[in-house]
Amino acid sequence: MFSFVVFCLLQVMILNHIHLFGFITPLFYVYFLLSFEYNYPRWGILLWAFVMGVILDTFTNTPGVAAASMTFVAFIQPYFLELFMGSDASDDTSASVRSLGAMRYTYYAAVLVLIYHLLFFSLEMFSFFNVIYWLKCVFGSSALTLVLILFAENIRRGK
């Protein structure tokens with residue numbers, strides 16, 4: 001619950017005001033979804049993601065965009081976690097650099113962050129009229145978000 005509030009406040013108060021080069025905005029709150037334990041109930045992940053998305057939509061004036069994107073990533077997250085962890089993982093293991101290793105965690109985070117940003121900016125723009133701008137937003141924001149996630153993961157895990 002504490003991390004939920006921290007991620008929401010951090011995004012709304014600080015990160016939403018960062019627009020590098022006019023199109024790169026870190027959407028760091030997706031890190032909240034990446035850190036659920038292996039055995040966490042799927043309905044719980046979906047509920048947390050939807051509630052966080054609605055709260056962020058309310059404060060950032062993106063009606064339904066964050067909620068839909070977060071809910072979709074929450075839906076696919078357990079499958080990707082299972083794919084990257086393998087069958088030898090214990091039930092209380094959460095995705096981290098320590099449990100997956102640096103490369104596998106980076107791939108895991110990069111795939112989910114990219115999927116999140118693809119969906120988020122597709123729904124936000126709801127048009128492919130300016131494909132170059134859309135691509136800049138998706139890949140620029142994904143890259144910055146991934147760097148922040150890896151930085152936070154290294155601090156959090158003391159690596």
(request) Start with the C-alpha distance between Val30 and Phe120, add both sets of side-chain angles, then the distance that settles side chain to side chain contact (heavy atoms under 4.5 Å, CB included), and finish with yes or no. (result) CA-CA 11 Å; Val30 76; Phe120 182 88; over 6 Å; no
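- Hydrophobic clustering, with ILVMFWY side chains joined whenever heavy atoms are under 4.5 angstrom apart, groups Val131 together with Tyr133.
- Residues Leu135 and Leu119 share a single hydrophobic cluster, defined by chaining ILVMFWY side chains whose heavy atoms lie under 4.5 Å apart.
- Shown here for Ser142 and Val138, the closest heavy-atom pair between the two residues is OG-O, 2.6 Å.
- Under the 4.5 Å side-chain heavy-atom criterion for grouping Ile, Leu, Val, Met, Phe, Trp and Tyr, Ile132 is not connected to Trp134 through any hydrophobic cluster.
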(message) Would Tyr31 and Val113 count as a side chain to side chain contact (heavy atoms under 4.5 Å, CB included) here? Give the steps.
(response) CA-CA 8 Å; Tyr31 181 48; Val113 165; over 6 Å; no
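- Remark: Ile45 CD1 to Ile76 CD1 distance equals 11.5 Å, nearest 0.5 Å.
- From Leu123, atom CG reaches atom CG of Leu118 across 10.5 Å, with rounding to the nearest 0.5 Å.
- With respect to Cys137, the side chain to side chain contact (heavy atoms under 4.5 Å, CB included) criterion is satisfied by exactly one of His117, Glu124, Met125: Met125.
- Atom CG of residue Asn154 and atom CD1 of residue Ile149 lie 12.0 Å apart, to the nearest 0.5 angstrom.
- Note that the CG atom of Leu83 and the CZ atom of Arg104 stand 9.5 Å from one another [nearest 0.5 Å].
- Between Phe4 and Phe32, a ring centre-to-centre spacing shorter than 6.0 Å is recorded.
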(request) Test Tyr116 against Leu33 for side chain to side chain contact (heavy atoms under 4.5 Å, CB included), laying out the working first. (result) CA-CA 11 Å; Tyr116 178 79; Leu33 288 179; 5.8 Å; no
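- Among all heavy-atom pairs drawn from Leu146 and Ala109, the shortest one is CD1-CB, 3.7 Å.
- The cationic group of Arg42 does not satisfy the cation-pi geometry with Phe36, failing either the under 6.0 Å distance to the six-membered ring centre or the 45° limit from the ring axis.
- The side chain to side chain donor-acceptor pair (under 3.5 Å) pairs that include a residue from residues 58-68 are Asp57-Thr62, Thr60-Thr62, where partners are two or more places apart or lie in different chains.
- Separating the CG atom in Leu114 from the OG atom in Ser141 is a distance of 11.0 Å, to the nearest 0.5 Å.
- Distance check, rounded to the nearest 0.5 Å: OG1 of Thr71 to CG of Leu47 gives 9.0 Å.
- Phe75 is connected to Val51 through a chain of hydrophobic side-chain contacts under 4.5 Å among Ile, Leu, Val, Met, Phe, Trp and Tyr, so both are in one cluster.
- Under a 4.5 Å side-chain heavy-atom cut-off, the cluster of Ile, Leu, Val, Met, Phe, Trp and Tyr residues that includes Val54 is completed by Phe50.
- Judged by distance alone, the side chain of Tyr29 and the main-chain N or O of Met70 form no donor-acceptor pair under 3.5 Å.
- What you find for Phe80 and Val111 is that their closest heavy atoms are CE2-CG1, 3.4 Å.
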